Each structure stands twice: as structure tokens, then as C-alpha cells.
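See structure below.
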Number of protein chains: 2
Amino acid sequence: MNTPKARIQDVAKVAGVSTATVSRTLSNPSVVSETTRTAVLEAVKATGYRVNRAARNLRTQKTGAILVLIPNLSNPFFSQIISGVEQIFRRAGYSLLVADTDNINDPDFRLVDVFEDGQADGIILLDGYVPMSAITSLQGTEAENLVVYACEWAETEGIPSIRSDNPAGARMAAQHFASLGHKKVGHICGPKENVLTPMRRDAFVTEARKLGMEVRDEWIFPGDFRLVTGAQAADMFLALEERPTAVFSASDLMAVGFMKRLLSEGVRIPDDVSIIGFDDVGIAAYFHPSLTTIRQDRPQIGRVAATTLLSRLRDPSNVDPYFRHTVPVELITRESTAKPSDG
Amino acid sequence: MNTPKARIQDVAKVAGVSTATVSRTLSNPSVVSETTRTAVLEAVKATGYRVNRAARNLRTQKTGAILVLIPNLSNPFFSQIISGVEQIFRRAGYSLLVADTDNINDPDFRLVDVFEDGQADGIILLDGYVPMSAITSLQGTEAENLVVYACEWAETEGIPSIRSDNPAGARMAAQHFASLGHKKVGHICGPKENVLTPMRRDAFVTEARKLGMEVRDEWIFPGDFRLVTGAQAADMFLALEERPTAVFSASDLMAVGFMKRLLSEGVRIPDDVSIIGFDDVGIAAYFHPSLTTIRQDRPQIGRVAATTLLSRLRDPSNVDPYFRHTVPVELITRESTAKPSDG
DNA sequence: CTGAAAGCGCTTACAG
DNA sequence: CTGAAAGCGCTTACAG
């Protein structure tokens with residue numbers, strides 16, 4: 001039952017070769033002769049040999065692991081990105097370490113330590129709030145090119161970043177409203193300090209006006225992506241003398257908060273007002289009415305981030321420090337949008 | 001900038017001691033003298049020394065990592081459990097490896113290999129569908145006691161399992177209905193083959209009858225936890241000659257599917273029928289009307305699983321192979337429940 | 001309390 | 001194509 005683990009020496013003995021040859025057969029089979037290879041592979045099977053990671057890691061100065069830094073593991077938004085990351089790295093033979101930055105209490109935390117400790121060969125950053133000191137610790141080190149951002153909004157000079165095509169999504173929303181015949185449209189914004197906020201707002205407003213729709217300043221509501229600010233936007237909406245017939249929200253959660261409040265007040269959706277969200281989180285499909293939204297392909301964001309890091313791991317010399325990648329978004333049409341009732 | 005990493009030898013030289021003493025100072029400070037300790041610690045700071053994980057791992061035959069096997073990283077249910085797991089293990093100095101079993105295509109995958117490869121020191125299993133052959137590979141090995149189930153429902157002889165107190169939750173639902181004055185109640189069941197299904201159903205029915213409420217067989221609807229079967233239950237509900245005034249669903253998702261269909265048909269919630277879900281997933285709070293539900297404390301499930309594994313890691317001899325742990329649940333009262341309108 | 005030395009299990013230049 | 005040998009950076013019995 002509990003046979004001691006086979007080491008490379010045991011395999012060598014059984015196969016009648018040196019440990020060097022066993023090692024080569026396993027990691028670089030093309031350099032050994034056919035006969036030797038067969039013998040070694042048989043010996044491997046016979047002994048049940050599996051390479052010891054720690055020994056290999058120590059010798060090669062690699063870890064075979066990638067660290068994913070995530071602000072909050074409970075947030076499905078991020079775990080769906082991880083899902084794409086995992087897929088790529090598993091295929092490439094890497095394992096995935098995850099750390100919840102909410103749980104890291106060390107103010108002196110530095111990304112470079114991850115490399116120096118031999119914890120990981122690369123880092124995928126899903127947290128846009130990692131302190132600058134943690135990031136700048138990388139400057140001038142070889143690890144500098146082995147960190148990739150895929151956190152939706154942050155960007156730091158010298159770190160490649162992957163994110164959704166936000167302006168395109170905002171334009172799709174405007175186009176959808178226009179195609180339904182809406183003439184007056186509004187917007188619920190993201191958080192003030194967030195780079196995505198002007199991206200989505202400006203692209204929406206510009207496109208809407210280009211398509212001949214009216215967008216008044218008082219129809220642009222402040223927000224912060226969270227449910228509660230959507231409800232606040234609804235209060236402002238209800239107080240308006242003249243209301244838009246369609247509202248594009250910068251997040252699904254705000255769209256839901258907006259709808260909940262309106263429904264409580266007897267406003268009909270989509271009859272009285274059409275709503276489009278952004279993200280396509282789980283609730284978008286489940287809400288009543290279900291929410292038309294701009295879907296971000298989160299697994300794809302993860303896949304692109306992983307692929308980018310992987311190519312740097314394989315060829316550290318060939319690196320574009322200004323790498324930016326944009327992942328397409330998609331309009332998902334559901335029940336919350338319709339022609340305006342007076343249209 | 002790019003100074004070469006300090007090794008333990010460098011620290012030893014600076015401190016004027018042997019590498020053995022540096023090592024002891026770092027891992028077992030109480031055995032070195034105060035003076036030496038101070039000198040070593042200063043040298044550590046001066047050199048920026050950080051222990052090399054691979055070297056330590058090779059020497060100690062440990063990895064300092066725990067593997068979490070999860071069926072689907074995108075599912076928030078599981079990522080919230082991981083969140084609790086991460087918290088405990090980070091504090092204990094372990095790092096967390098995650099693997100999505102959806103992405104593992106190897107039919108010969110065996111849990112014991114994780115230990116033999118030196119990938120992890122322990123495993124938290126969130127996937128109830130891991131093949132038996134993967135699990136039985138552990139039998140008779142030292143790793144046998146280093147795997148913990150926290151996947152909500154699976155149980156395998158010899159592996160400790162952690163889960164919510166399902167019968168208590170079902171009883172809370174019945175009690176809540178009774179306290180509101182309901183006399184006729186129904187239930188939407190979980191999947192047929194799932195051990196949780198009879199747990200929740202039987203506890204609910206028994207408690208309901210004990211409290212003097214009527215539960216007819218035709219008010220017990222089949223289901224499988226997913227949204228669509230909730231909608232199917234709604235169709236059956238609508239076709240009834242006599243309807244219950246309150247329904248307890250074995251999952252939030254089915255409750256939402258049930259409500260969506262009823263709302264579409266003009267049934268008022270909670271006026272015409274009260275609904276209680278199970279889980280407290282994100283949507284429960286956001287739906288309109290928001291859903292009264294039995295909350296499972298998923299981070300706590302993760303924490304208990306992690307703590308259990310940790311104690312086994314620390315003292316492998318002191319192990320109860322029949323360990324079972326139950327995490328309390330909680331009734332979260334929201335808008336979907338009220339007094340019956342004829343009550 | 002401390003040091004010298006062995007050794008964890010690999011990989012890889014080097015030599016042939 | 002293959003082997004002997006060094007060495008990755010630690011920890012820990014052993015001896016003192």
C-alpha cells in the first residue's frame with residue numbers, strides 16, 4: 001500500500017541509465033534515443049514515479065505557479081475572470097495561487113517579494129487598489145514584465161492591461177435605444193474617480209446625440225456602481241418634470257436598484273421606461289423584468305490576461321511595455337427594453 | 001536596483017554566525033540566545049533576506065500550500081466558501097492553490113498524486129462529483145486524513161465533512177410561515193439524487209404538520225435547484241384547484257424562477273402567496289420583491305473546513321475519521337413573506 | 001546555545 | 001546520445 005515514493009534514482013536503476021537520462025527523457029524527450037526513451041518510460045510506469053516539484057523548483061529557480069491577486073474572492077465578477085485564467089494556465093502546466101487582498105494586512109506588502117520568495121513565476125492582478133508602493137517595488141527587476149492587470153479599470157505605466165471595450169458597449173446601448181425609437185435618454189454614471197465612468201458616459205452621450213436623441217444634463221445621474229445609488233437615481237428620475245424614456249446604467253447593480261425603486265412606485269418597465277445595464281452579472285437574467293445589458297466577457301478577459309503573461313514567461317525579452325488589450329462586449333437583449341409607449 | 005537575492009549564507013556572514021543559527025532564529029527563535037537573535041534579525045534586515053520556499057520545501061518535505069478543488073470557479077456559492085478558507089490559511093501562513101475540476105480532463109486524476117507530487121500539504125474538496133477512484137487512491141496513505149469535504153452535500157466514508165444545518169433551516173421556514181398565520185404550505189424540492197433534498201423536504205413537512213399547517217402531496221413540487229424548475233413548479237401551482245398560501249423552495253434560484261412566472265401571470269407576492277428560499281445568494285436581496293430566505297453562512301463553512309484541516313496538519317495523529325460538522329443557518333426576513341390575505 | 005556537515009531530489013553544463 | 005558531478009538553498013540530527 002504505502003510504498004515509499006519513487007525518486008529519479010529508482011527509475012534510473014530500473015531503466016539501467018543515469019538520473020540525467022531519466023530527467024532528459026521526461027523534460028526533453030527528443031534528445032534521448034528511442035530505445036532509451038522506451039526503457040525509461042517503462043521504468044517510470046513500473047515505479048509509479050512522479051517528479052518532485054520542490055526539487056525541480058529549487059534546481060530550476062522556477063515555481064510553476066502563477067499568483068492571482070483578487071480584491072474579494074466572494075465577488076463573482078472576479079471569480080469569473082479567474083475561471084478564464086485557470087483554464088489557460090492549467091493547459092500550460094502551471095498551477096494557480098490565489099490571494100484575497102482583503103485578507104492581506106501587511107502595509108509593506110510588495111509584489112517583488114512574491115518573486116523573491118519563490119512563490120510564483122508571474123502575477124495576474126485583479127485588484128485595482130493595490131498600493132503603488134507594492135507595484136513600484138518591481139521597477140528595475142526582472143519581474144517587472146511578469147505582472148498583468150486584468151482588473152477592469154486600473155492602469156499603471158509599464159504593466160500590460162486587459163479590459164472590455166467600454167466605449168463600444170456604451171455606443172451599443174445608445175444604438176439600441178435609437179433603434180427602438182427613443183428620443184430622450186438618460187444615464188446613471190459610475191463612481192467619480194473611476195476611469196471607466198467618463199468612458200461609458202461620454203461614449204453614450206456622444207453616440208446618442210449623433211443619433212438624434214436628446215440627453216439633458218439633468219438626465220445624467222451620479223452613481224458608484226452599487227445598488228443603492230441606482231435607487232437614488234430613481235428618486236431623482238421620479239422628481240423630474242420631464243423624464244427620458246430610456247436610461248443606460250453604467251452597471252447592472254445600479255440598473256436593478258433603479259428598477260426596484262421604480263417598480264415600487266408603480267412605474268412600468270419597459271412600458272414607461274426602458275433600461276439597459278452593463279456587465280451581465282447573474283441577476284440581469286433573473287430579475288423581473290430581465291435586464292437588457294452590455295455583457296462583459298469576463299472569462300475571456302482572464303484568458304487574454306493569462307495568454308499575455310504566458311508569452312512573457314516564455315520569451316521575457318520580447319515584451320511591449322505599453323501593451324493594452326481590449327475585449328469585445330455584446331448587447332444582450334431582454335425584457336427591460338422596448339419601444340417607447342408614445343412612440 | 002537589481003541586487004542579487006540574499007541567501008541564508010549571506011545573512012550568516014553578516015551576522016557572524018552559522019547558517020544553522022540563522023535558520024533557527026527564523027523558524028524557532030526561542031532556542032537561540034537573545035544576543036544572537038538580535039544580530040541575526042539585524043542582518044536579515046540589512047540584507048533583505050527572505051527564505052527561499054523551494055529550498056525549504058525540498059528540505060522539509062512540505063509545500064506550505066493547500067489545494068482547493070472547486071467544480072466551477074464562476075459559481076459564487078463556492079467562491080464564498082473559498083473566501084473563508086483563504087482567510088484561515090493565510091493567517092496560518094499557508095498559500096492557497098485552486099483548481100477548477102471542470103478544467104481537469106484527466107480521467108486518471110488521483111488525489112494522492114497531489115501529495116506525492118509535492119503540490120500541497122492538504123486538500124479542501126468543494127466538488128461533490130470528484131470520481132471515487134480519485135478519492136480511494138488515498139486509502140492507506142498518510143494523506144488519508146488531509147482531505148476535507150466542504151461541498152454542501154457529498155459525504156464519503158473517512159473524509160470529514162462540513163455543511164449547513166439543513167433540517168434546522170427547513171424548520172425555520174415552517175415556523176416563519178406558521179407565525180404569519182399560514183395554514184396551507186407547499187415545497188419545491190431539490191434534485192432527486194441529492195442527499196439535501198429529503199433533509200430539507202422532510203424537516204419542513206414534519207415541522208409544518210406539527211405546527212398544524214396542511215401540506216398536501218400535490219403541493220410538493222419536484223425541482224433541481226435551478227431557476228427553470230422553479231418556473232415549472234409555478235405552472236403546476238397555477239393549475240391547482242386549491243393552492244397553498246406559502247411555498248418554501250429548496251433553493252433561492254428556484255424561488256426566483258417561481259416568482260418570475262407568478263408575477264408574469266399577475267399573481268401578487270407576498271399578497272397572494274408567500275415565498276421562502278434557501279441559500280441567500282446575491283439575487284435574493286436584489287429581486288423585486290426581495291426574497292425571504294434561509295441563509296447559509298458560506299464563509300463560515302470555509303472557515304470551519306480550513307480549521308479542521310489545519311488541526312490535522314498540526315497533529316496528524318489526533319484524528320476523528322467520522323468527523324462531521326454542522327454550521328448554523330439563519331432566517332433572513334424580506335419582502336416575499338407576509339400574512340395570508342385571507343388570514 | 002551553536003556549528004559542521006549531510007542531504008532533501010532534482011537539472012544541467014561539461015566532457016566524452 | 002549519455003554519464004559523473006556539481007549545486008540549487010535550505011533544515012536538522014549530531015556533537016560539542
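Predicted, not measured: the structure shown is a model, and the values here were computed from it. A note on names: the letters A, B, ... follow the listed sequences, proteins ahead of strands, and every chain is numbered from 1.
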Q.
Heavy atoms from C-beta onward define the side chain here; which of dA5(D), dC8(D), dC10(D) lies closest to that of R56(B)?
A. dC10(D)
Q. Given atom CG of D10(A) and atom C1' of dC10(C), what is their separation to the nearest angstrom?
A. 13 Å
Q: Using whole Å, report how far CD of E116(B) lies from P of dC10(C).
A: 12 Å
Q: Let me know which of V98(A), L111(A), L97(A) forms a side chain to side chain contact (heavy atoms under 4.5 Å, CB included) with L69(A).
A: L111(A)
(Q) If only side-chain N and O atoms count, and only distance matters, is there a donor-acceptor pair under 3.5 Å linking D127(B) with T101(B)? (A) yes
Q: Provide the Watson-Crick or G-U wobble partner of dA15(C), both distances under 3.5 Å; none if there is no partner.
A: dT2(D)
Q | Geometric cation-pi criterion, R7(B) with Y49(B): 6.0 Å, 45° | A | no
Q: Scan side-chain atoms only and decide if T136(A) and S133(A) contain a donor-acceptor pair under the 3.5 Å cut-off.
A: no
Q | Length of the line joining R53(A):CZ and dG9(D):P, which is rounded to integer Å | A | 21 Å
Q. Looking only at side-chain N and O atoms, does T21(A) come under 4.0 Å of OP1 or OP2 in dG3(D)?
A. yes
Q | Length of the line joining L58(A):CG and dG9(D):C1', which is rounded to integer Å | A | 6 Å
Q) How many Å lie between CZ on R37(B) and P on dT2(C), as a whole number? A) 10 Å
Q: Could you check which of dT12(C), dA4(C), dC10(D) has an atom nearest any side-chain atom of R59(B)?
A: dC10(D)
Q. Hey, which of these two, T19(B) or A55(B), hits DNA chain C nearer its 5' end, going by closest nucleotide?
A. T19(B)
Q: Establish, with yes or no, whether the OP1 or OP2 oxygen of dG9(C) is under 4.0 angstrom from a side-chain nitrogen or oxygen of Q61(B).
A: yes
Q: Would you kindly give the CZ-to-P distance between R24(A) and dT12(C), to the nearest whole Å?
A: 10 Å
Q.
Please compare E34(A) and T60(B) by the position of their nearest nucleotide in DNA chain D and report the one closer to 5'.
A. E34(A)
(Q) Please enumerate all residues that pass side-chain hydrogen bond (donor to acceptor under 3.5 Å, both in side chains) together with R53(A), with sequence neighbours excluded. (A) none
Q: Return the value, rounded to whole Å, for the distance between atom CD1 of I8(B) and atom C1' of dT12(D).
A: 12 Å
Q.
Rounding to an integer number of Å, can you tell me how far K62(B) NZ sits from dC8(C) P?
A. 16 Å
